[in-house]
Amino acid sequence: MKENQYSNMDKEAYRIAYLIAGFIRNTITDKEHQELDDWVNATDKNMLLFEELTDEKNLEANLAWMDQTKSEESFKKLQESGSFKKQTKTFRLKPIWIAAASVILLAGALFIYRNSTNKTGLDNDMAIMDTTILQPGGNRATLTLSDGSVIDLTRAKNGLVASENESDIIKTSDGQLVYEGNNLPSEISAINKLSTPVGGQFQVKLPDGTKVWLNAATTLRYPARFPANERTVEIDGEAYFEVAKNNKQPFRVVLSDNSTVNVIGTHFNVMAYGNENAKDVTLLEGSVLVRSNNKTETLQPGMQAKITANTLTKKDEIDTEQIIGWKNGLFVFHDATIQSIMRQVERWYDAKVVFKGETKQLFNATISRREPLSKLLRLLELNGYVHFKIENKIIYVLP
């Protein structure tokens, strides 16, 4: 009997090669999908290796080389000559993975190219990327002063950027705006506006010491110095608040639909985007009173108030990790719909999303918001229920 050329292959490498081949062919089971998902997410190195071994251009190049050979012996010589290494421009494969890659080609790619009547299967399984356009967001914002002048904080140097109503406005090196100076109450209404674009985020420390994190496509309006009776800010978009406690000056957040969140000192998240189905107020610490639609709800930590056009409801036992993942630099998806995921993708990667079918599957993943779009989409593709194609800054979502 002819000796199996893979008999001495590292078991893990062979197993992963088998799973990747099945992923390309769309033949692996849900359990095997999960196994592959766990391996890919274990390290960035695994993710990069997965991308290299499943890249459409790499597969085509290797198939062209394989067409030059007629036997396993000549294919082995091609491996030994280093031909396989030529396909990997950004990641040098170890010998064991070169062998594993050959298994992927033989078991996976040849099945698609030789036994399919067309190539649409591979096209649907691969996310076609233009990484020069759709990059992750970063610390980007503009500050509009009370006189209407606008400061581009993305380009502004660190240090003093302006003075407003006896407050110095300072930009720090970590993407934060800080108001320093006399914090005594003021009767002068000097309203500032901090705005993040699509693909932007920023932090601000308000004159009273309250810290606010702004997510992408968000606008926060606030006075450069608060009056004596209360502290009121307005929000359109999404922001996380850590309110400085002051019993004599209650803190109030006004949403675009005039709903309000009243607090003394607490930590909470407000999500009030116009393209979402509802506005959410999620409490992490303290207590808040939410008013909307002539109703009021008092929240305790772990609760959420959901505001729609006609109702105000309260929910218990909220997944706060998913809610504030963005503030911690993460995408956190726990049983999330593809629609809700792609709305976040639109805001962070400055993309347009077009759905070319219906996907009811729920998704679970955690990934850094600093990662390229390709990594996020590859991760979502692993369950086999959704695929992506990118053209001209438009992401097409395919079932």
Exercise: do Asp257 and Ser259 side chains pair donor with acceptor under 3.5 Å = yes
query = Are Tyr222 and Tyr179 an aromatic pair by the rule of ring centers under 6.0 Å?
reply = yes
request  = Tell me, with the steps shown, if Phe268 and Phe241 meet ring-ring contact (aromatic ring centres under 6.0 Å, His included).
outcome  = CA-CA 5 Å; Phe268 60 97; Phe241 292 82; 5.0 Å; yes
request  = Kindly indicate whether the side chain of Val354, heavy atoms from C-beta on, has any atom under 4.5 Å from the side chain of Val397.
outcome  = no
ask   = Which atoms form the tightest heavy-atom contact between Ala216 and Gly199, and what is the distance?
value = CB-N, 3.8 Å
query = Within a strict 4.5 Å, meaning less than it, do heavy atoms of the Phe355 and Val386 side chains meet?
reply = no
task = Verify side chain to side chain contact (heavy atoms under 4.5 Å, CB included) between Lys315 and Gln304, making sure each step is shown before the conclusion.
result = CA-CA 5 Å; Lys315 297 176 63 178; Gln304 181 184 80; 4.1 Å; yes
note = Between Phe333 and Gln322, the two heavy atoms sitting closest are CA-OE1, 3.5 Å
inquiry  = Check whether Tyr273 forms a cation-pi arrangement with Arg347 (NZ or CZ under 6.0 Å from the six-membered ring centre, at most 45° off the ring normal).
reply    = yes
message = Do Leu373 and Ile367 sit in one hydrophobic cluster, given that two such residues count as connected whenever their side-chain heavy atoms are within less than 4.5 Å of each other, even indirectly?
response = yes
Heavy-atom side-chain proximity of Gln176 to Phe202 below 4.5 angstrom = no
key: Validation row: Trp348, Pro136 side chains within 4.5 angstrom (heavy atoms)   = yes
request  = Find the distance between CG (Asp316) and CD (Gln300) and round it off to the nearest 0.5 Å.
outcome  = 10.0 Å
ask   = Are side-chain N/O atoms of Asn192 and Glu164 paired as donor and acceptor at under 3.5 Å?
value = yes
key: side chain to side chain contact (heavy atoms under 4.5 Å, CB included) assessment of Ile395 paired with Met342   = CA-CA 9 Å; Ile395 305 173; Met342 297 312 292; 3.9 Å; yes
key: Path from Met271 to Met303 over hydrophobic side-chain contacts below 4.5 Å   = no
inquiry  = Asn139: which residues meet the side-chain hydrogen bond (donor to acceptor under 3.5 Å, both in side chains) condition with it, sequence neighbours left out?
reply    = Gln201
request  = Show which residues join Ile318 in its hydrophobic cluster (side-chain heavy-atom contacts under 4.5 Å, direct or indirect), or state none.
outcome  = Trp213, Tyr240, Leu284, Ile323, Ile324, Trp326
remark   = Here the pair of heavy atoms bringing Ala365 nearest to Leu379 is CB-CD2, 3.6 Å
query = Glu238 and side chain to side chain donor-acceptor pair (under 3.5 Å): which partner among Asn269, Thr196, Thr218?
reply = Asn269
Note, Leu214 side chain near Gln203 side chain (heavy atom, < 4.5 Å) = no
query = Within the side chain of Thr210, is there an N or O that forms a donor-acceptor pair under 3.5 Å with the backbone of Ala244?
reply = yes
message = Is there a side-chain contact between Leu289 and Arg291 in this structure, where contact means two heavy atoms from C-beta onward sitting under 4.5 Å apart?
response = yes
query = Between CZ of Arg343 and CD1 of Ile338, what distance do you get to the nearest 0.5 Å?
reply = 11.0 Å
query = Does NZ or CZ of Arg369 lie under 6.0 Å from the centre of the six-membered ring of Phe331, at an angle within 45° of the ring axis?
reply = yes
query = Counting N and O atoms only, with roles assigned by atom type, does the side chain of Lys171 sit under 3.5 Å from a partner on the main chain of Leu153, one being a donor and the other an acceptor?
reply = yes
inquiry  = Between Asp319 and His334, is there a side-chain donor-acceptor contact under 3.5 Å, judged purely by atom types and distance?
reply    = yes
request  = Taking the side chain as every heavy atom from C-beta outward, state whether Leu145 and Ile169 have any pair of such atoms under 4.5 Å apart.
outcome  = yes
ask   = Any idea which heavy atoms bring Pro207 and Ala224 closest together, and the distance?
value = CG-O, 2.7 Å
request  = Check whether any side-chain N or O of Arg221 sits under 3.5 Å from a backbone N or O of Ile235 as a donor-acceptor pair, and report yes or no.
outcome  = no
Worked verdict on Asp280 versus Ile307 for side chain to side chain contact (heavy atoms under 4.5 Å, CB included) = CA-CA 6 Å; Asp280 298 333; Ile307 304 165; over 6 Å; no
ask   = Hey, is the main chain of Lys295 close enough, under 3.5 Å, to the side chain of Asn293 for a donor-acceptor pair?
value = no
query = Rounded to the nearest 0.5 Å, how far does OG of Ser340 lie from CD of Glu276?
reply = 7.5 Å
request  = Measure from the side-chain N and O atoms of Asn392 to the backbone N and O of Ile394, and report whether any donor-acceptor pair falls under 3.5 Å.
outcome  = no
request  = Give a yes or no on whether Lys211 atom NZ has more than 12 heavy-atom contacts from other residues, nucleotides or ligands under 6.0 Å away.
outcome  = no
request  = Give a yes or no on whether Leu194 and Ile191 share a hydrophobic cluster (residues Ile, Leu, Val, Met, Phe, Trp, Tyr; joining criterion: side-chain heavy atoms under 4.5 Å apart).
outcome  = no
ask   = Do the side chain of Glu180 and the main chain of Ile170 share a donor and acceptor less than 3.5 angstrom apart?
value = no
ask   = Are the side chain of Asp152 and the backbone of Thr154 linked by a donor-acceptor contact shorter than 3.5 Å?
value = yes
inquiry  = When you compare the side chains of Asp168 and Ser163, does any donor N or O come within less than 3.5 Å of an acceptor on the partner?
reply    = yes
task = Would you give the length of the straight line joining atom OG1 of Thr320 to atom NE2 of His267, rounded to the nearest 0.5 angstrom?
result = 13.5 Å
query = Should Leu283 and Val243 be regarded as members of a common hydrophobic cluster, given that ILVMFWY residues are connected when their side-chain heavy atoms come within less than 4.5 Å of each other, either directly or indirectly?
reply = yes
query = Lys306 and Ala278: which non-hydrogen atoms are nearest, and at how many Å?
reply = CG-CB, 3.6 Å
request  = For Ala305 and Leu312, work out which heavy atoms get closest and say how close.
outcome  = CB-CD1, 4.0 Å
inquiry  = Can a donor-acceptor pair be found, under 3.5 Å and without considering hydrogens, that links the side chain of Asn262 to the backbone of Arg252?
reply    = no
key: CG-OG distance between Asn328 and Ser368, expressed to the nearest 0.5 angstrom   = 11.0 Å
request  = List the steps, then state whether side chain to side chain contact (heavy atoms under 4.5 Å, CB included) holds for Ser256 with Glu234.
outcome  = CA-CA 8 Å; Ser256 58; Glu234 299 176 15; over 6 Å; no
ask   = Is it true that Val263 and Val254 fall in one hydrophobic cluster, defined by side-chain heavy atoms closer than 4.5 Å?
value = no
ask   = Do you see a donor-acceptor pair shorter than 3.5 Å between the side chains of Gln361 and Thr359?
value = no
query = Would you call Glu346 and Lys352 a salt bridge, using N to O less than 4.0 angstrom?
reply = no
ask   = Do Leu220 and Lys193 come within less than 4.5 Å of each other through their side chains, counting heavy atoms only?
value = no
